[in-house]
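Here's the structure we're looking at; comments come further down.
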2 protein chains.
Amino acid sequence: MPKNCNFIEKLREVGLRPTKQRIKICEVLYNREKTFHFTINDLVKMISEKMNEKISLATVYNTVHAFEKKGYLKEISIDSHKSYFDTNTSAHHHFFDEDTHELIDCDESDIDKINIRKNITGKKINSVEVLVRVASDNQTQK
Amino acid sequence: MPKNCNFIEKLREVGLRPTKQRIKICEVLYNREKTFHFTINDLVKMISEKMNEKISLATVYNTVHAFEKKGYLKEISIDSHKSYFDTNTSAHHHFFDEDTHELIDCDESDIDKINIRKNITGKKINSVEVLVRVASDNQTQK
DNA sequence: CAATAGTTTAGAATTATTATAATGTAGATT
DNA sequence: AATCTACATTATAATAATTCTAAACTATTG
Ligand SMILES: [Mn+2]
Ligand SMILES: [Mn+2]
Ligand SMILES: [Zn+2]
Ligand SMILES: [Zn+2]
């Protein structure tokens, strides 16, 4: 359980002012045992539940994108109808439960290393991500 | 180069009425050598360029989603800010060029078969997709 | 050819996201 | 501790993508 002062330092390190709102968002996002996945809506709800004060929707968007730019968050595209963010910023793969719309992290051991045989001239690989869509046995996909 | 009557049959087979608009969309989408990727906006432009008649935006959305449901098109999520569709409905992987925002199909031989070691209880795997993001060497990602 | 069910359409409505511009505030300077 | 200033937050407006609606249209059936 890191204290707030850690967040203040962390924010300072990457050149973000440790404002009250940013610290609050840090608490909600990082003051927990495990990393997790969320949508902007989830985050707004979490903040308004845990905090007495209101926070502007614009601030949530701005801050999330600031965090994303600084590498605190990763954006994940699974469902074109929703933006997911991930507090686990390391390279990793996902399962996506199409019944519950839940994202689940893969461990290193869950998927063998991906071997890419082709390379595109003049381009370098920035990331390799696998998405495994799963659903109940007795249900048609999507 | 299939003729329109093929599209009429094809549409009938899957229970879609072969209306003028659907045939037109079929022509734009499938009357070509290779499969390709497009956004709704791309499609609207292609239709209005190739055809003299106007087509309602709602109809494009409706028809694309009808085709998707019937398995004629696949929706692909790469960039949460844009919906891509693919006329290649077989299982395959993609490169995404972050400079040009272009989607590129992988051949079977480009990426070794993905081996998934974990399974989620009560769930079956619907699809496994790899996305390889590439960009110019001299450019930071995104 | 008339009836009918399914389809298209224009435009309104909704939703997600971004822009704007006035106000507030953290941190620095005195 | 008062002031300053750059940056951040806010409410709200604007934009963009997508979906809804309800009236008009049309492919198919009988
Ligand atoms: Mn984003
Ligand atoms: Mn869709
Ligand atoms: Zn994750
Ligand atoms: Zn493809």
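Numbers restart at 1 for each chain; the letters A, B, ... are given by sequence-line order, proteins then strands. Atom set for the values below is all heavy atoms of this structure, side chains included, hydrogens, waters and symmetry mates excluded.
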Which protein N or O atoms sit under 3.5 Å from an N or O of nucleotides 12-16 of chain C?
none

(request) Whole angstrom is fine here: how far is it from CG in A/L11 over to C1' in D/dA8? (result) 13 Å
(message) Same cluster or not: A/I76 versus B/I120, using hydrophobic residues (I, L, V, M, F, W, Y) connected whenever any side-chain heavy atoms lie under 4.5 Å apart?
(response) no
(message) So for atom NZ, which belongs to A/K118, do other residues, nucleotides or ligands contribute more than 12 heavy atoms lying within a distance under 6.0 Å?
(response) yes
(request) Measure the distance from CZ on A/F7 to C1' on C/dA26 and round it to the nearest whole Å. (result) 19 Å
(request) Please tell me which of the listed nucleotides, D/dA11, C/dT8, C/dA10, lies nearest to the side chain of A/S56? (result) D/dA11
(message) Tell me the interatomic distance from B/L57, atom CG, to C/dG11, atom P, rounded to whole angstroms.
(response) 13 Å
(request) Take B/T63 and B/Q21 through the side chain to side chain donor-acceptor pair (under 3.5 Å) test and state the conclusion after the steps. (result) CA-CA 9 Å; B/T63 308; B/Q21 288 83 352; over 6 Å; no
(message) Test your reading of the model: is there a side-chain donor-acceptor pair from B/Y30 to the backbone of B/Y72, 3.5 Å cut-off?
(response) yes
(request) Could you encode protein contacts along nucleotides 24-30 of chain D as a string, one character per nucleotide from 5' to 3', using B for base contact, S for sugar-phosphate-only contact and - for no contact, with a heavy-atom cut-off of under 4.0 Å? (result) --BBS--
(message) Output the rounded distance in Å from NZ (A/K69) to C1' (D/dA8).
(response) 14 Å
(message) Counting only side-chain nitrogens and oxygens, does A/T59 get under 4.0 Å of the OP1 or OP2 atom of D/dT10?
(response) yes
(message) On the nucleotide C/dG24, are OP1 or OP2 found under 4.0 Å from the side-chain N or O atoms that A/Q21 carries?
(response) no
(request) May I have the distance from A/H65 (atom NE2) to D/dT9 (atom C1'), rounded to whole angstrom? (result) 17 Å
(request) Measure across A/S136 and A/D99 and return the closest heavy-atom pair with its distance rounded to 0.1 Å. (result) N-OD2, 2.7 Å
(message) Is it the case that the side chain of A/T87 and the backbone of A/F36 share a donor-acceptor pair, with hydrogens and angles ignored and the cut-off at 3.5 Å?
(response) yes
(message) Has B/K123 got a side-chain atom pairing as donor or acceptor with A/V134's backbone, closer than 3.5 angstrom?
(response) no
(request) Would you mind telling me which residue lines up with the more 5' stretch of DNA chain D, A/R22 or B/A58, judged by nearest nucleotide? (result) A/R22
(message) Checking the side chain of B/R12 only, and the main-chain atoms of B/P18 only, is there a donor and an acceptor separated by less than 3.5 Å?
(response) no
(message) My understanding is that only one of B/T35, B/D86, B/D107 makes a side-chain hydrogen bond (donor to acceptor under 3.5 Å, both in side chains) with B/H92; could you say which?
(response) B/D86
(request) Considering non-hydrogen atoms only, spot the tightest contact between A/K74 and A/S90 and give its length. (result) NZ-O, 3.1 Å
(request) Report the nucleotide, chosen from C/dT17, C/dT9, C/dT18, that has the shortest atom-to-atom distance to any side-chain atom of A/I40. (result) C/dT17
(request) Starting at atom CG of B/N62, determine the distance to atom P of C/dA10, rounded to an integer number of angstrom. (result) 13 Å
(request) Using modelled atom types only, decide if a donor and an acceptor are shared between the side chain of A/S48 and the backbone of A/K45 within a distance under 3.5 Å. (result) yes
(request) Using a heavy-atom cut-off of under 4.0 Å over every strand shown, decide if A/K82 touches base, sugar-phosphate, or nothing. (result) nothing
(request) Look at the side chain of B/R133 and the backbone N and O of B/E98, then say whether any donor-acceptor pair between them is shorter than 3.5 Å. (result) no
Pairs under 3.5 angstrom, nitrogen or oxygen only, protein versus nucleotides 28-30 of chain C, please.
none

(message) Please report the distance, rounded to the nearest Å, between CD in A/E75 and P in C/dT17.
(response) 8 Å
